[in-house]
Amino acid sequence: MTPMSRYSYCRILVTNITVEETRRLLGSLFDGAFERNTLTVGEMEIEVRRNPDAQSGGVEADDFVRWPVQIETEPVTPHGETAAVETVSRILESLWGAQAQAVAACDFEDELPWKGGIQRLRDSDDG
């Protein structure tokens with residue numbers, strides 16, 4: 001088994017959009033179809049499901065670990081790891097463009113726009 005790299009996994013937490021809307025958005029973004037919870041994009045698998053840590057009812061905006069939608073990206077080949085930053089960046093920008101809030105939790109956040117979204121949250125808190 002190959003050792004995991006910093007690009008081998010990313011979790012994106014999302015609010016202000018449903019699981020179904022997220023699947024539709026990403027399906028059209030990558031021109032693909034979800035099978036069960038998973039969309040395969042080139043060398044990456046993107047899984048969209050309800051966040052098991054989500055709380056029913058309202059959630060504080062900055063408590064993103066409890067946001068209702070969870071997206072997980074995982075490369076299925078070593079080549080997929082090289083696409084991880086670009087793929088996750090496209091997902092985040094697409095979600096933000098749809099007025100959803102999204103924050104990525106992964107080892108390469110510093111390579112993503114707005115540091116994976118956490119910088120966007122902090123900037124909006126300052127407003």
Side-chain angles (χ1 to χ4, degrees):
M1 191 166 136
T2 57
M4 298 201 12
S5 86
R6 61 184 287 182
Y7 301 105
S8 57
Y9 176 80
C10 187
R11 181 177 182 213
I12 305 166
L13 295 149
V14 190
T15 190
N16 299 343
I17 190 170
T18 66
V19 168
E20 278 308 311
E21 290 166 335
T22 303
R23 287 184 187 148
R24 277 199 298 274
L25 184 72
L26 298 184
S28 68
L29 174 68
F30 292 110
D31 195 25
F34 276 84
E35 290 185 31
R36 294 196 179 86
N37 300 328
T38 305
L39 174 68
T40 302
V41 177
E43 314 289 321
M44 300 277 299
E45 283 188 350
I46 301 167
E47 188 174 1
V48 178
R49 61 166 70 164
R50 188 178 178 284
N51 178 2
D53 299 325
Q55 292 186 317
S56 50
V59 175
E60 292 297 311
D62 58 354
D63 191 13
F64 61 88
V65 295
R66 300 201 191 293
W67 286 355
V69 179
Q70 169 178 292
I71 302 169
E72 293 178 314
T73 67
E74 217 170 330
V76 288
T77 68
H79 177 67
E81 293 188 2
T82 61
V85 174
E86 180 193 352
T87 302
V88 172
S89 296
R90 286 182 67 194
I91 292 169
L92 288 170
E93 287 171 343
S94 171
L95 288 162
W96 295 331
Q99 307 305 308
Q101 295 245 43
V103 172
C106 47
D107 289 340
F108 54 93
E109 291 158 24
D110 55 322
E111 297 178 54
L112 298 169
W114 296 95
K115 293 200 184 329
I118 197 71
Q119 197 66 52
R120 260 177 85 96
L121 274 187
R122 293 198 177 122
D123 288 356
S124 69
D125 288 347
D126 298 341

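When reading the values below, keep in mind they use all heavy atoms of this one structure, side chains included, and skip hydrogens, waters and symmetry mates.
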Give, for atom OG1 of Thr18 and atom CZ of Arg24, the distance between the pair rounded to the nearest 0.5 Å.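 Nearest 0.5 Å value for the OG1-CZ distance: 6.0 Å.
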From Glu20 CD over to Leu25 CG, what is the distance, rounded to the nearest 0.5 angstrom?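 Going from CD on Glu20 over to CG on Leu25, the span is 12.5 Å.
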Could you tell me which non-hydrogen atom of [X] sits nearest to which non-hydrogen atom of [Y], and how far apart they are?
X     : Y      : result
Gly80 : Pro75  : C-CB, 3.4 Å
Leu39 : Gly32  : CD1-C, 3.5 Å
Tyr7  : Glu81  : CB-O, 3.6 Å
Trp67 : Leu121 : CH2-CD2, 4.0 Å

Going by salt bridge (charged side-chain N to carboxylate O under 4.0 Å, His left out), name the pairs with one or both residues in residues 31-47, residues two or more places apart or in two chains.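 Every pair satisfying salt bridge (charged side-chain N to carboxylate O under 4.0 Å, His left out) with a residue in residues 31-47: Glu47-Arg49.
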Pairwise salt bridge (charged side-chain N to carboxylate O under 4.0 Å, His left out) hits with a residue in residues 100-110, at least two apart: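 Matches after skipping sequence neighbours: Arg6-Asp110.
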Identify the residue among Gln70, Glu74, Glu72 that makes a side-chain hydrogen bond (donor to acceptor under 3.5 Å, both in side chains) with Arg11.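 Filter result, single survivor: Gln70.
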State, with a plain yes or no, whether a side-chain heavy atom of Val48 is found less than 4.5 Å away from one of Val14.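 When only atoms from C-beta onward are counted, Val14 and Val48 do not touch, as no gap falls below 4.5 Å.
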Taking the side chain as everything from C-beta on, heavy atoms only, tell me whether Gln99 gets closer than 4.5 Å to Ile17.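 No, too far: nothing below the 4.5 Å cut-off.
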Report whether Ile46 and Val69 are members of the same hydrophobic cluster (ILVMFWY, side-chain heavy atoms less than 4.5 Å apart, transitive linking).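 Cluster IDs for Ile46 and Val69 match.
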Any link between Phe34 and Phe30 through a network of hydrophobic side chains (Ile, Leu, Val, Met, Phe, Trp, Tyr) touching at under 4.5 Å?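 Yes.
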For residues 84-98, run the donor-acceptor check on the side chains, cut-off 3.5 Å, and write out each pair with its distance to 0.1 Å, sequence neighbours left out.
{"unit_1": "Thr87", "atom_1": "OG1", "unit_2": "Ala83", "atom_2": "O", "d": "2.9"}
{"unit_1": "Ser89", "atom_1": "OG", "unit_2": "Val85", "atom_2": "O", "d": "2.7"}
{"unit_1": "Arg90", "atom_1": "NH2", "unit_2": "Leu29", "atom_2": "O", "d": "3.3"}
{"unit_1": "Trp96", "atom_1": "NE1", "unit_2": "Ala102", "atom_2": "O", "d": "3.2"}

As a quick check of understanding, evaluate side-chain contact (heavy atoms from CB on, under 4.5 Å) for Ile71 and Leu26, giving each step before the final call. CA-CA 10 Å; Ile71 302 169; Leu26 298 184; 4.0 Å; yes
Take Asp53 and Val65, measure what side-chain contact (heavy atoms from CB on, under 4.5 Å) needs, and give me the verdict at the end. CA-CA 7 Å; Asp53 299 325; Val65 295; 5.9 Å; no
